[in-house]
Amino acid sequence: MKRIGVIGGGQLAWMMASAAQELGIELVIQTPHDTDVAVSLATEIVLADVDDVAATAILATKCDAITFENEFVDLEGLDKLAIAQNVSFLPPLTALAPLLDKYTQRCYLRDLGLPVPQFAVLEQPELPPGFEFPVVIKARRNGYDGQGTFIVKDASVLAALYHRYPDTPFLIEEFVKFDRELAVIAARGVNGEVITYPILETQQEDQVCRRVFTLDDLPTEIVATCNSIASKLLTSLGAVGVFGIELFLTADGKVSVNEIAPRTHNSGHLTIEACATSQFSQLIRAVAGLPFGSTALTCGGAVMVNLLGYEDTHSDYPDKRQQLAAIPNAHVHWYAKESRIGRKLGHVTIVVGRDDEHQDYLSQAQSLARQVETIWYP
Ligand code: ADP
């Protein structure tokens, strides 16, 4: 395979493009703005919104298969296109279908026998039977980075939310009193092989991912549970590509699935520097039918910190980026986006050497994360 089409041209497509170049594969990208970061690395661009099916029909004529950096697509339209033009979407559209709506995704996971928090459709401005406050209310579609997710502590807030968004279908969930949030990045090839990366810990603030750590203290049975969830899920979906699976871990060792994203994932960014093969390279390999590379860590551990916008500005923060890059073993990835509050503008990964393994890895990684955040946030 020579050319892969990508729907979406943001930072994920940009990191895919670097990986594709190393494998000698060209990317053609469908994205709405010629300033989007992946444009500079693409062989060709189709300038259109990600849900513009007519544009995807053009994209299909320029490549051998199409993958996604963004799942907010018009699935029905793509289904028709797949049949009419015999387009190969990888992951297949049937693997995306149950996942794009958070309610149908939850039903899919439950029906597969995977552990999920208690959930229901929110049909009226009050707590359904069997739920207790606090609860989590989520827009069923198109939520990301905590947009559309609300932790609700009482009836008045629940009613206000329901009335504020009269046209938004919501899911209601029990609030999981988790001890840690984990993530598994997993990939499945056309031959059905499933590979997983070392389990990661993610830390969210206000429902947005702030930091990701590799782990060295996770009990083996929890690692096995996470990997078996990933394997069961990707196999059942008939997935081809890379999927990010977010999990809750409670203090008594129970794992449940929060969410699955049918694409490369923010929690896997540190695989670029910390693992033998990045999640982006594995995606390109899966789509191109190439063998997977090793997912093993090549360092003692690593931490990734998201650089979130804290103001609206055109500045691209050259001084701060220089200071961040001066941290030993730090790798700064800058997405060249205009800064808006809460927007992911870049990330920094810091690898911890094998020589440092005798130290307490997690406290070392946490202090590195603090160092990054002290430089970045005013
Ligand atoms: P998004 O799709 O916008 O990333 P998520 O559903 O992943 O939204 O939720 C974002 C974060 O909100 C989670 O990482 C977690 O910290 C918190 N959260 C979501 N669902 C629950 C829940 N049921 N219980 C407790 N916290 C939750």
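Positions are given from 1 along the sequence. As the structure lists them, so they are numbered: ligands from 1, and atoms in each ligand from 1. Values below: all heavy atoms of this structure, side chains included; hydrogens, waters and symmetry mates excluded.
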### Task
If the plane angle is over 60° it's perpendicular, under 30° parallel, otherwise tilted; pick one for Phe170 and Tyr165.
perpendicular
### Task
Mind checking side chain to side chain donor-acceptor pair (under 3.5 Å) for Asn227 and listing every partner two or more places apart, or none if nothing turns up?
Thr196
Pick out the protein N or O atoms lying less than 3.5 Å from any N or O of ligand 1, and list each pair with its distance.
from, atom 1, to, atom 2, distance (Å)
ligand 1, 2 (O), Lys102, NZ, 2.6
ligand 1, 2 (O), Glu259, OE1, 2.9
ligand 1, 2 (O), Glu259, OE2, 3.0
ligand 1, 3 (O), Asp145, N, 3.3
ligand 1, 3 (O), Gly146, N, 2.7
ligand 1, 6 (O), Lys138, NZ, 2.8
ligand 1, 7 (O), Asn258, ND2, 3.1
ligand 1, 7 (O), Glu259, OE1, 2.9
ligand 1, 8 (O), Thr149, OG1, 3.4
ligand 1, 14 (O), Glu181, OE1, 2.7
ligand 1, 16 (O), Glu181, OE1, 3.3
ligand 1, 16 (O), Glu181, OE2, 2.7
ligand 1, 20 (N), Lys138, NZ, 3.0
ligand 1, 23 (N), Glu173, OE1, 2.7
ligand 1, 23 (N), Glu174, O, 2.9
ligand 1, 24 (N), Val176, N, 2.8

### Task
Report the relative orientation of the aromatic rings in Tyr317 and Trp376; use parallel for angles under 30°, tilted for 30 to 60°, perpendicular for over 60°.
perpendicular
### Query
Quick check: are there more than 12 heavy atoms from other residues, nucleotides or ligands sitting under 6.0 Å from CD of Glu221?
yes
### Task
Decide whether a cation-pi geometry holds between Arg263 and Tyr144; the criteria are a distance under 6.0 Å from NZ or CZ to the six-membered ring centre and an angle within 45° of the ring axis.
no
### Query
What's the spacing between Gln204 CD and Ser267 OG if we round to 0.5 Å?
9.0 Å
